[in-house]
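This report concerns only the one structure given below.
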There are 2 protein chains.
Amino acid sequence: MKKVQKNGRIGIISSILTDNPNQIFTLTHFCDVFDCAKSTISEDIDTIRELFQNYGLGNIETVSGAAGGVYYNPLMNDEQIKDFTKELCSIIDQPDRMIPSGYIYTNDLLYSPQLSKKIGAALASMFNGQEIDYVVTVETKGIPIALMTARALNKPMVVVRNQSKLTDGTVIYMNYITGSNNRIKTMCLPTRAIKKGSKVLFIDDFMKAGGTAKGILDLMQEFQAELVGVGVLMATKEPERKLIDDFKTLVWLDTVDTINKKINIYSAFE
Amino acid sequence: MKKVQKNGRIGIISSILTDNPNQIFTLTHFCDVFDCAKSTISEDIDTIRELFQNYGLGNIETVSGAAGGVYYNPLMNDEQIKDFTKELCSIIDQPDRMIPSGYIYTNDLLYSPQLSKKIGAALASMFNGQEIDYVVTVETKGIPIALMTARALNKPMVVVRNQSKLTDGTVIYMNYITGSNNRIKTMCLPTRAIKKGSKVLFIDDFMKAGGTAKGILDLMQEFQAELVGVGVLMATKEPERKLIDDFKTLVWLDTVDTINKKINIYSAFE
C-alpha cells in the first residue's frame, strides 16, 4: 500500500476513534498502521482534537505514561444536552403516545438505535469524570440506553433480571418493594457479574418513586459494590421525595392529562 | 470560524459517517457545514471511500436522485467475519464459562458494548442488501446484539416480551411451544410496534431447536409482516433439523463436555 497522506491519516484516525469511544489507542498503534513517525501521528492528533472541538463532536483526550495514548470521549456539552433534551420532550409529548390508563408509549424511542445512542451519550456526559466500573440496568426497556451509556463510557453493562435463567449459573436473589404501589418484586444477578469493590452506575428509562433504584442500591451491597450514580431518561415530578436521594434525569414528567390529551414534560436543563 | 482545509473536512466527514451507520447525508449538508462547493465535498467523499476500503473500515456508498447522498455501511467482508467468529470461539470456549448443568455463561460477552457492536456488524453484514424494516428480538439476552444489528442497518429494533407491561398499550399475545422441551410459553408485542406489510429480521443470541424463531414467524403473520431473515450468534449442531428452515449463525456449538471441561464450538465461516 502506498504511503498515506495527512488527510488520509486524519480520516482513518477520526473514524477509528469515533467508532470506539473511550478506548485508548497508543500512538505506536497508529505509527504501525501508517508506517510513520510518532511525531507525525502526534501532530495529526492535535489537528483532530481541534477539529472535533470546533465542530462539537466531543473531546479527544490524551493519557500519558506507559499505558498512555489517545481516546475519543463522546462528551456532549451543556448546550448540546439542553437542545437534545428539548428535542426529546417534543418527541415524547405527542398525544398519540398516551395510553388510556395514563401511561406513555416510549418503546419506539427507547429501541431506536439513533435516539438510544444520543440518550446514552447524554447520560454518560452527566457522569463524566466519575470512576465507573459497570453500567447496571434492570430488564427490559432500559437495556438499550444502558448499553449505549456503557458504550460511551467503554464499560461493561450488567443486566439485573426479575427471574434467573439456566445460563446464569449461581445467582443472588433479592426481594424489594416497588416504591409506587408497595408490591414485592424480585431482582437477581449472577454472582460472577460484578467484581467485589466495583463502582457502579445505574441507568434506567423511568423513575417514579425510586423503588428500583433503591433495590439496586441494596443489591449492590450484596456484591460489595458501590452505587456511585443513578441516571434516568425520565423522572416524574411526583412523588417529589424519592426512595433514593441522589439521581440525575434528562427530562421531568409533570402530568399526563388524559382528558385534554396533554403530556406535560420538560427538560431538566432549562 | 476560519475556512477548514481538506484534511479537516475529511476528518469531520469520516467521523460523522462512522458515527451514523446507514444514515444518508446529502452533499448539500456538508456544503453547509464547511461553506464550500459541492464538487469539493464530492472529491472529499471519493477520498474517504478509497481510504475506508484500503483500511477495511467498511463501505462508503452513494445514493443518487433527489433523496440522494452518501452513507457509511459498516460492512465486514468474509475474511473479517471469519477472523472475528474465530476470535468469538476462543472467547466462548473457556472452561470457566461452563455452568455445571452444561450451559455456557455468555452474559458478559453479550453485554459488552465492544463485542456486541462487532457481533451486530457481523450479523448485519450477513443480510447486506436485503430489504429490512425492523430488527426484531425476544427479551432479554439478545437485546444488545439486536440493537447493534439495528444500529448497523439503521433500522428500528422491536422487542418481543414474555409478558406485557402497562406502558405497552394494546398488545397481541401468542402462545408458542419451545422446540427443545415442548413447554408452552407466551410472547407478546404492542399492536403499534410493527406496521403492516413490513419486512422483519429476527436476531437472537442462541438457537437450539428453533422454537422461538418459529414463534416469531407465526407472530409476524398476525402483524401481516414478513420474516425475511433469522440471524443468531450461536446455534447448536443438535438437533440438526430446526423448526425453521432458513437461518444464519456466526458460530456452531457442537458439544459441552462437562466431565472433561471442554466446549466444542467452531466458526460457521471455516
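Chain letters run A, B, ... following the sequence lines, proteins first and then strands; every chain starts at 1.
- Residues P156(A) and P113(B) come closest through the heavy atom pair CA-CD, 4.1 Å.
- Using a 4.5 Å cut-off between heavy atoms, N22(B) makes no contact with chain A at all.
- Atom CG of D44(A) and atom CG of N7(B) lie 8.0 Å apart (nearest 0.5 Å).
- Neither the backbone nor the side chain of T170(A) comes within contact range of chain B, judged by heavy atoms closer than 4.5 Å.
- Heavy atoms from other residues, nucleotides or ligands lying under 6.0 Å from NZ of K208(A) number 12 at most.
- Side chains of K165(A) and T140(B): a donor-acceptor N/O pair is absent below 3.5 angstrom, by distance only.
- Heavy atoms closer than 4.5 Å to chain B are found in the side chain of P190(A), but not in its backbone.
- Among R9(B), K155(B), Q23(B), M98(B), the residue making the largest number of heavy-atom pairs under 4.5 Å with chain A is Q23(B).
- The closest side-chain heavy-atom distance from K141(B) to E139(A) is not below 4.5 Å.
- I16(A) touches chain B through its side chain: at least one heavy atom from C-beta onward sits under 4.5 Å away, while N, CA, C and O do not.
- Residues D168(A) and Y103(B) fail the side-chain proximity criterion, which asks for heavy atoms closer than 4.5 Å.
- Between L166(B) and I99(A), the closest side-chain pair of non-hydrogen atoms is not below 4.5 Å.
- Interface residue I10(A): backbone and side-chain heavy atoms are both found under 4.5 Å from chain B.
- Proximity to chain B is limited to the side chain of K117(A), based on heavy atoms less than 4.5 angstrom apart.
- Only the side chain of N154(A) has a heavy atom closer than 4.5 Å to any heavy atom of chain B.
- With a 4.5 angstrom heavy-atom cutoff, T167(A) touches chain B via backbone and side-chain atoms both.
- Of the inter-residue distances, the one linking Q163(A) atom CD with N162(B) atom CG reads 8.5 Å to the nearest 0.5 angstrom.
- Y134(B) has its ring centre no less than 6.0 Å from the ring centre of Y111(A).
- Under the 4.5 Å side-chain criterion, counting only non-hydrogen atoms from C-beta, P144(A) is in contact with I143(B).
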S116(A)/L147(B) under side-chain contact (heavy atoms from CB on, under 4.5 Å): CA gap, chis, key distance, verdict: CA-CA 9 Å; S116(A) 64; L147(B) 182 71; 4.0 Å; yes
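- The OG atom of S14(B) sits 11.5 Å away from the CG atom of L17(A) when rounded to the nearest 0.5 Å.
- When only modelled atom types and interatomic distance are considered, Q114(B) and N20(A) share no side-chain donor-acceptor pair under 3.5 Å.
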Residues R151(B), R151(A); criterion side-chain contact (heavy atoms from CB on, under 4.5 Å); working and verdict: CA-CA 13 Å; R151(B) 175 172 145 78; R151(A) 174 171 146 76; 2.9 Å; yes
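- Using a 4.5 Å cut-off between heavy atoms, M148(A) contacts chain B through its side chain alone, with no backbone atom that close.
- Heavy-atom pairs under 4.5 Å with chain A peak, among S112(B), A150(B), S101(B), at A150(B).
- Side-chain contact between V159(B) and N107(A): absent, with no pair of heavy atoms (C-beta onward) separated by less than 4.5 Å.
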Side chain to side chain donor-acceptor pair (under 3.5 Å) assessment of S15(B) paired with T18(A): CA-CA 6 Å; S15(B) 171; T18(A) 305; 2.9 Å; yes
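- Using a 4.5 Å cut-off between heavy atoms, L51(A) contacts chain B through both its backbone and its side chain.
- Within the 4.5 angstrom heavy-atom criterion, atoms from both the backbone and the side chain of A193(A) approach chain B.
- Of the two parts of D205(A), neither the backbone nor the side chain holds a non-hydrogen atom closer than 4.5 Å to a non-hydrogen atom of chain B.
- A 6.0 Å sphere centred on CD of Q53(A) holds no more than 12 heavy atoms belonging to other residues, nucleotides or ligands.
- Residue contact with chain B, scored on non-hydrogen atoms closer than 4.5 Å, is absent for V135(A).
- In this structure, chain B has heavy atoms under 4.5 Å from both the backbone and the side chain of D19(A).
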